[in-house]
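Here's the structure, in C-alpha cells; my notes come after.
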Amino acid sequence: MKNINLAGKSIIFGLAFHGLLFLPILLIPNGSVNSVTTIETIPFGINNPYMEDERGNLPDETSDLLKDLGVYWVSDSLSRSWTEIKPLTYDWSSTDNKIKEYKKEANLEILFVINPFSNYEHKDGREHEGRYLPDGDQSFLAYKDYLTKLVTRYKGKVDIWSVSNEPKGEYQDNIDDYVKLVKTSYEIIKSIDPQAQVNLGGVGAGQKLDFHREVLEGLREECPGTGCFDVFDYHTYSWNYRDYNIKNVIREKSGDCQIEFTKTHQDYKNLLESAGFGDKPIINKEGATHTGEFKDLNQPYWCYLVQTEFQQAEFLFKRAIHQLANNIKMINWSTLGEKEKGDCDVRFTITGLIYGGLDECNKDNPYDAGMGVKKLSYYTYKFLIEKLKSSDFNNVRIINTSVPNVYLYELNQEDKPLYVSWWDYFAQGESGETKTATLSLLDINAPQVKITQAIPNFLYDFQTKKIQLNERDYPDFFDSSLEFVSGNTITVTLSKKPVFIDGFNSLRIINPKNKARLTPDSTLKILIDPGDVTNIKNVYFFIDDKNKCQDSGLDKEGYYACDWKTPKKSKQSYEITVKAYNKSELIAEDSIDVVVD
C-alpha cells in the first residue's frame, strides 16, 4: 500500500480483489480530510473543440487550431458506450487520439467528462434512454472497472475529471444514486492519481439549482470535509447576445417564450456557501451563443434572435471579462468548429468559432460562409487571450464609472495595468451609435493611452464565401487610436465595440516646441526623443496628415529626425505628428502645433 499525506491527513490507498476485478480502495483514518484546491493557470479554453465522428475521432487540424487560438484549457466528453466494445472490454483508441491532440500536440490542460452510460446492463443497471447507468452491485462493479482502467491509463495527463456533464437530466429522480456515483468516482480517482481534481457535474444553463442543492447536501453527509469533489461547474449558454452576464432570460415576444427565472454568479456562490463548500473554485466548463438563426423544436422560431457575427463576438468578449471579474477559474467556449454531419443538434452547429460549411447539419443555413472560415469571434478570442495572458487573474478590479451602462475593469499585468471598457448600447434608455464617457484609470502612469477595439473591423453582419476577413491582416483589423491622459482620467467616445485601454509610452517631439513660431522658407530639423519606447522599426513624420519622411534609426544623440522645408507663405498654422511603429503596430504617437510666421 502507498501512504500519501494530503492537507495534514493520512490517506491510505490499496487494491481490493473482487472476482476478476482489481479495484482501488480508499481508507481514511478518523476525522475528515480538508480539500485544498487551486486552479492558477490562464483560464481560457475550448469545450468539445470539434464534433467527432462516430468513433469519437477528431479532425487532423484540431491541435494546430487550438495552438493558433492560444487557449490553455480544453474540455471534452468521453463516452463509455463508445469505449466499452463488449462487457469489461475497452477500445481506448479515440481517447488516445484526444490525449495526443490535446496534451502532446497542443500542450493543453485537460478536463475530461466521465459519462457513466454503458450499452450493457451488467445484470442490474438502470435503463435510461436506451443505455444503462450503474445502479445495483454488479453494474457499479462494472463502472468501477471502467473508471479504474480509464484513470490508470491517463494518470498524469488529465487535470480534472468531471463526474457526468449535466447530471440532472439522468439523475433528477435518483439523487442518491448520483451522490453514490460521485463518491465512488472520487475515491477511485484520488487513489490512482491524487493530483487530479474532481469536478461535480455542471448546472445546465436552463436548469434551476434545486437538484444541485440536494446533491450538495448529500455529499456533505457522505463525504465530510471534502464533499468528494474539488471543483464546481456551471454552464452559460444564451440565445441572446445581451445576456452575457449569465442571467438566463429569453426575451419575450409572446407569453410562450419567457423563462421565469434567472441565475447570477452570486447565486452559485451562495449555493456552495450554504452547503459548507464556499471555498471550492467555480469553473464555467462550457457556454456560447450562436450566429445566424437558432431554431428550437420546443419553441417558436421567433423566440431566438438572428444574430450577427459581431453580436456573437461581443457576447464572447463581455462574458469572458464578466466571469474573470467574478473569479471564475475556467472559461471555455463551446465549440471551436461547427458540426458538419451525423446527429445534428442545431444548437451546436451554429455556436462555433469556425463555420462548418453547408453540409448535412447546415444545408439550409443561409448564414454559413463555408467550411473552415473563421468567424469574427475566433479572432476576438485569439486577440483577447494575447492581450490578457500576462494578467493577474486573481485580482481583476471592477471600477464604478458612474456612467449608466458603461463598464470598466482593471487587470494588473507584469509592468502596467490594462483596462477593458464597454458600453451596453442595447440597455433600456440608450440610443445612438456612440457614447462619450470620462473614465478614471486609477493606476495609470502614462501621458497617453492606446484604445484598441476588441472586435475586428468588418463592415457586414456576416462573412460570405466572397467577402471575408483576410487572416494575414491579423491583428491589424483591430482599429486603435490614442488619447491623452489628464489627471488619471480620459475622455473617450465608446462605440458598440468593447475596447482595451493600454498605458502608452512617452515618445515626444522635442524640436520644435509646441506653439513655436517658425521662419518661412527655411529648413527645420524635427527631433523625436523615443523616451522609454522600445522595439521601434520606423517613425513617420506628418505635416497636416501628409507624410513628409520616415526614420528607422537613432542618430548619434539618440533621436529620430526629419528635415522639413517650411513653406514660403507665412501666417499659416500646421500640425506636426509623429507615429512610431513596431512592424505594423502603432506603439507611440505625439503631435504639436506650430505657426510659420
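The model shown is predicted, which means the values in this text are computed figures rather than measured ones. Reckoned from all heavy atoms, side chains included, excluding hydrogens, waters and symmetry mates.
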### Query
Is there a side-chain contact between Tyr378 and Leu69, using heavy atoms and a 4.5 Å cut-off?
yes

### Message
Set out, in order, the CA-CA distance, both residues' side-chain angles and the distance that settles side-chain contact (heavy atoms from CB on, under 4.5 Å) for Leu353 and Ile46, then state yes or no.
### Response
CA-CA 10 Å; Leu353 306 179; Ile46 288 289; 3.9 Å; yes

### Message
Around atom CG of Asn470, are there more than 12 heavy atoms from other residues, nucleotides or ligands closer than 6.0 Å?
### Response
yes

### Query
Side chain of Thr519, backbone of Ser522: donor and acceptor closer than 3.5 Å?
no

### Message
side-chain contact (heavy atoms from CB on, under 4.5 Å), that's the test. Do Glu314 and Ile455 meet it? Break it down for me.
### Response
CA-CA 7 Å; Glu314 177 187 2; Ile455 299 174; 4.0 Å; yes

### Message
Checking Asn245 against Arg319: is there a side-chain donor and acceptor pair closer than 3.5 Å?
### Response
no

### Query
Could you state the interatomic distance from CD (Gln311) to CG (Leu316), rounded to the nearest 0.5 Å?
14.0 Å

### Query
Cationic tip of Lys374 within the cone over Tyr355's six-membered ring, i.e. under 6.0 Å and within 45° of the normal?
no

### Query
Would you call the rings of Trp333 and Phe315 parallel, tilted or perpendicular if under 30° counts as parallel and over 60° as perpendicular?
perpendicular

### Which residues share a side chain to side chain contact (heavy atoms under 4.5 Å, CB included) with Thr464, sequence neighbours left out
Lys466, Ile467

### Query
Can you tell if the side chain of Val492 reaches within under 4.5 Å of the side chain of Thr436, non-hydrogen atoms only?
no

### Task
Assign the ring pair Tyr367 / Phe462 to parallel, tilted or perpendicular, where the plane angle (0 to 90°) is split at 30° and 60°.
tilted

### Task
Consider only side-chain N and O atoms of Tyr407 and Asn400, and report whether a donor and an acceptor are under 3.5 Å apart.
no

### Task
State yes or no: are the ring centers of Tyr460 and Phe458 separated by less than 6.0 Å?
yes

### Straight-line distance of Glu430 CD to Lys496 NZ, nearest 0.5 Å
11.5 Å

### Message
Quick check on the 6.0 Å ring-centre criterion: do Tyr574 and Trp564 meet it?
### Response
yes

### Task
Step through it carefully: locate the ring centre of Tyr540, locate the ring centre of Tyr581, and say whether they are under 6.0 Å apart.
yes

### Message
Using every non-hydrogen atom in the two residues, find where Gly503 and Ile444 come nearest and quote the distance to one decimal.
### Response
CA-CD1, 3.6 Å

### Query
Does Lys450 come within less than 4.0 Å of Glu585, counting only side-chain N to carboxylate O?
yes

### Trace of the side-chain contact (heavy atoms from CB on, under 4.5 Å) decision for Tyr241 with Lys318
CA-CA 10 Å; Tyr241 69 96; Lys318 292 180 178 179; over 6 Å; no

### Task
Specify whether Tyr237 and His235 have parallel, tilted or perpendicular ring planes, treating 30° as the upper limit for parallel and 60° as the lower limit for perpendicular.
perpendicular

### Query
Side chains of Ser162 and Asn199: do they bring a donor and an acceptor to under 3.5 Å?
yes

### Task
Please assess Tyr425 against Lys435 for the test side-chain contact (heavy atoms from CB on, under 4.5 Å), listing each intermediate value before the final yes or no.
CA-CA 8 Å; Tyr425 57 91; Lys435 184 169 187 172; over 6 Å; no

#### Entry: Lys67 atom NZ, over 12 foreign heavy atoms within 6.0 Å
yes

#### Entry: Main-chain N/O of Gly370 paired to Gln463 side chain as donor or acceptor, under 3.5 Å
no

### Message
Donor-acceptor check, side chain of Asp473 to backbone of Asp476, threshold 3.5 angstrom: yes or no?
### Response
no

### Query
Going by distance alone, is a donor N or O of one side chain under 3.5 Å from an acceptor N or O of the other, for Tyr560 and Asn538?
no

### Query
Do the side-chain N and O atoms of Lys329 and Asn327 include a donor-acceptor pair separated by under 3.5 angstrom?
yes

### Task
Ignoring hydrogens and angles, tell me if any N or O in the side chain of Asn405 forms a donor-acceptor pair with the backbone of Ala427 under 3.5 Å.
no

### Rounded distance [0.5 Å steps], CG in Asp544 versus OG1 in Thr577
8.0 Å

### Under 3.5 Å donor-acceptor, Asp243 side chain and Trp239 backbone
no

### Summary
Between the CG atom in Asp597 and the CG atom in Leu518, the distance rounded to the nearest 0.5 Å is 9.0 Å

### Backbone of Lys525 reached by a side-chain donor or acceptor of Asn511 within 3.5 Å
yes

### Message
My understanding is that only one of Phe310, Phe500, Phe383 makes a ring-ring contact (aromatic ring centres under 6.0 Å, His included) with Phe317; could you say which?
### Response
Phe500

### Query
Can Lys285 and Asn48 be counted as having a side-chain donor-acceptor contact under 3.5 angstrom?
no

#### Entry: Side chain Thr289, main chain Ser238, donor-acceptor under 3.5 Å
yes

#### Entry: Residue Glu433 excluded, over 12 heavy atoms near CD under 6.0 Å
no

### Message
Side chains of Tyr234 and His265: any donor to acceptor distance under 3.5 Å?
### Response
yes

### Query
Any salt bridge between Lys103 and Asp159, counting N to O under 4.0 Å?
yes

### Query
Salt bridge check: are Lys416 and Asp443 linked by an N-O gap of less than 4.0 Å?
no

### Task
Consider only side-chain N and O atoms of Ser63 and Glu101, and report whether a donor and an acceptor are under 3.5 Å apart.
yes

### Query
Taking atom types as modelled and ignoring hydrogens, do the side chains of Thr434 and Thr493 form a donor-acceptor contact shorter than 3.5 angstrom?
no

### Carboxylate-amine/guanidinium contact Lys98 Asp76, below 4.0 Å
yes

### Query
Angle class for the Tyr102/Phe112 ring planes (parallel below 30°, perpendicular above 60°, tilted otherwise)?
tilted

### Pair Thr523, Asp563: side-chain N/O donor-acceptor within cut-off below 3.5 Å
no

### Test item: Thr335 side-chain N/O and Gly337 main-chain N/O as donor-acceptor pair under 3.5 Å
yes

### Query
Are Lys548 and Phe541 in a cation-pi setup, meaning NZ or CZ lies under 6.0 angstrom from the ring centre and within 45 degrees of the ring axis?
no

### Query
Are the side chains of Ile501 and Glu483 in touch, meaning some heavy atoms are under 4.5 Å apart?
no

### Message
Quick one: does any side-chain atom of Glu338 pair with a main-chain N or O of Gly352 as donor and acceptor, under 3.5 Å?
### Response
yes

### Query
In terms of ring plane angle, is the pair Phe232 and Tyr268 parallel, tilted or perpendicular, where the classes change at 30° and 60°?
tilted

### Message
Taking CD in Gln266 as the centre, count heavy atoms belonging to other residues, nucleotides or ligands within less than 6.0 Å. Is the count above 12?
### Response
yes

### Donor + acceptor pair across side chains of Asp392, Asn395 (<3.5 Å)
yes

### Query
With a cut-off of 6.0 Å (strictly less than), are more than 12 heavy atoms of other residues, nucleotides or ligands near NZ of Lys565?
yes

### Message
Tell me if the aromatic rings of Tyr409 and Tyr419 count as close, with their centers under 6.0 Å from one another.
### Response
no

#### Entry: Flag, side chain of Asp502 to backbone of Val449, donor-acceptor distance under 3.5 Å
no

